[in-house]
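To start, the structure under review is shown below, and the notes come after it.
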Amino acid sequence: MFARRAGWDLEQSDLAARVARRRAAGLPLLDLTESNPTRCVLPAAGERLAAVLAEVARDPRCGVYEPDPRGDITAREAIAAHHAAQGGAVTAASIVLTAGTSEGYAHLFRLLADPGDCVLVPSPSYPLFGLLAELESVEPKPYPLRLRDGRWHIDLDALRAAAPGARALLLVHPNNPTGSLASPDEVTELRRICRTHDLALVCDEVFADYRSPSARAGAPYTLLPQRDEAESGPLVFVLSGASKLLGLPQLKVGWIVVGGPAQLREEALARLDVIADTYLSVSLPAQLALPALLASRAELAGPIAARIEQNRALVERAVAHAAGVELLIAEGGWYAILRLGVDGTGHALDEDALAATLLDGPGVIVQPGWLFDLEPQDESGLPASHLVLSLLPEPHILEEGLGHVLAMIEAAAG
Ligand SMILES: Cc1ncc(COP(=O)(O)O)c(C=O)c1O
């Protein structure tokens with residue numbers, strides 16, 4: 001009956017089933033994976049959104065349906081001004097609104113790849129790539145990011161080897177969950193690889209505003225080309241949205257900014273018009289709310305950035321006093337990666353077993369590193385395992401949960 005594309009194993013994962021059982025039994029949980037800002041940051045964002053939507057409801061434009069496939073012009077002008085202020089050469093005409101960044105990926109896969117074509121995706125990275133690609137019958141082909149001297153680097157040799165025949169090169173900047181940025185030299189090389197192999201460069205910049213003090217010098221805010229680099233570079237698509245930039249995932253507004261050589265850019269936009277026009281998926285009230293919400297960016301995103309900074313410092317302090325665990329440097333983003341040493345017999349600790357023990361005992365939810373394709377070894381090839389924590393939970397929850405995690409690691413390392 002169903003397409004092979006939809007032939008998923010619909011069984012809950014073991015960890016998800018354990019969480020559901022614990023919830024149903026009314027047992028306490030310390031969720032260190034929570035990355036929904038509406039559940040763990042501040043009510044002020046919800047209040048601001050309600051006030052803006054109340055104003056939008058009185059806007060006469062709300063009563064008229066005359067959709068533009070790229071989206072409402074005032075919303076696109078506000079987005080263009082935001083990106084221009086960050087150094088990108090952007091006009092409202094080169095922006096297409098989507099119902100979230102995930103839909104932006106879907107539109108781009110439809111635009112760039114035929115069924116069976118492959119797109120290059122970073123590894124480790126965002127676990128949803130697999131599904132987003134699969135739903136468009138596109139193959140994600142991983143290229144590795146490697147830790148060297150405590151920082152993540154793109155394995156450019158592996159990327160060059162994987163590039164022939166691919167349709168697009170995806171980058172998440174800062175990456176999820178490593179928080180890593182690309183150096184200026186890496187950006188130059190990515191642009192060259194894209195030009196050489198006729199790949200579009202797709203850069204997910206949803207976390208661009210969340211940089212840590214460890215961000216490497218010179219890493220660009222955006223991979224959109226400056227005006228004078230556009231003609232010599234590849235076709236570029238930058239993805240962003242209200243979900244992370246404003247901490248408002250419930251608004252369901254994202255966008256694609258198209259940059260690069262003028263002719264290719266215009267051809268891409270004309271084709272994106274057809275794709276977007278087929279769905280017209282972004283609700284008009286959400287679009288009309290965007291200018292006022294972008295104008296409130298500091299008020300909306302500021303508390304999230306402050307929470308992340310506070311929690312990162314908390315994790316740094318706790319890990320500095322713990323045995324058998326290291327905190328990997330993050331240059332940005334919303335996550336922390338703990339790297340765990342070996343057990344008494346020299347083997348990597350079992351990430352799933354640790355996560356299950358933490359849940360069944362003190363009720364702590366963590367994500368095993370394999371979910372993000374973090375390899376079970378360190379940079380010198382020695383066995384290691386990883387746990388990924390969100391930095392959004394309330395600090396007292398993170399502190400208590402992390403205390404249990406570190407005690408468990410110490411006990412497991414023997
Ligand atoms: C790297 C990355 N891109 C995109 C998204 C999804 O964004 P949206 O809610 O706009 O679809 C996420 C969500 O966590 C993400 O981590």
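Treat the numbers as computed from the prediction; the structure is a model and nothing was measured. One-based numbering, in listed order, for ligands and for the atoms of each.
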Give the intermediate values and the outcome of side-chain hydrogen bond (donor to acceptor under 3.5 Å, both in side chains) for residues T222 and E205. CA-CA 7 Å; T222 180; E205 299 182 359; 2.9 Å; yes
To which protein heavy atom is [atom] closest, and what is the distance rounded to 0.1 Å?
atom	answer
atom 1 (C) of ligand 1	D204 OD2, 3.3 Å
atom 16 (O) of ligand 1	N176 ND2, 2.9 Å
atom 8 (P) of ligand 1	T101 N, 3.5 Å
atom 5 (C) of ligand 1	Y126 OH, 3.2 Å

Any Lys/Arg nitrogen of [X] or [Y] sitting under 4.0 Å from an Asp/Glu carboxylate oxygen of the other?
X	Y	result
R339	E379	yes
K252	E103	no
R39	D31	no

Given L248, which partner from the list L290, V253, L49 fulfils the side-chain contact (heavy atoms from CB on, under 4.5 Å) test? L49
Looking only at heavy atoms, is any part of [X] under 4.0 Å from ligand 1, and if so is it the side chain, the backbone, or both, or is it neither?
X	value
S102	both
K244	side chain
V172	side chain

For residues P220 and R211, report the shortest heavy-atom separation together with the two atoms involved. O-NH2, 2.7 Å
Q12 versus A20, closest heavy-atom pair with distance: NE2-CB, 4.2 Å
Numbered atoms of ligand 1 (with element) below 4.0 Å of S243, judged on heavy atoms: 8 (P), 9 (O), 10 (O)
Could you say whether the N/O atoms of Y105 and ligand 1 ever approach to under 3.5 Å? no
Hey, is G241 one of the residues with a heavy atom under 4.0 angstrom from ligand 1? no
Measuring from the heavy atoms of W334, does anything fall under 4.0 Å of ligand 1? no
Which label fits Y335 and F372: parallel for a plane angle under 30°, tilted from 30 to 60°, or perpendicular past 60°? tilted
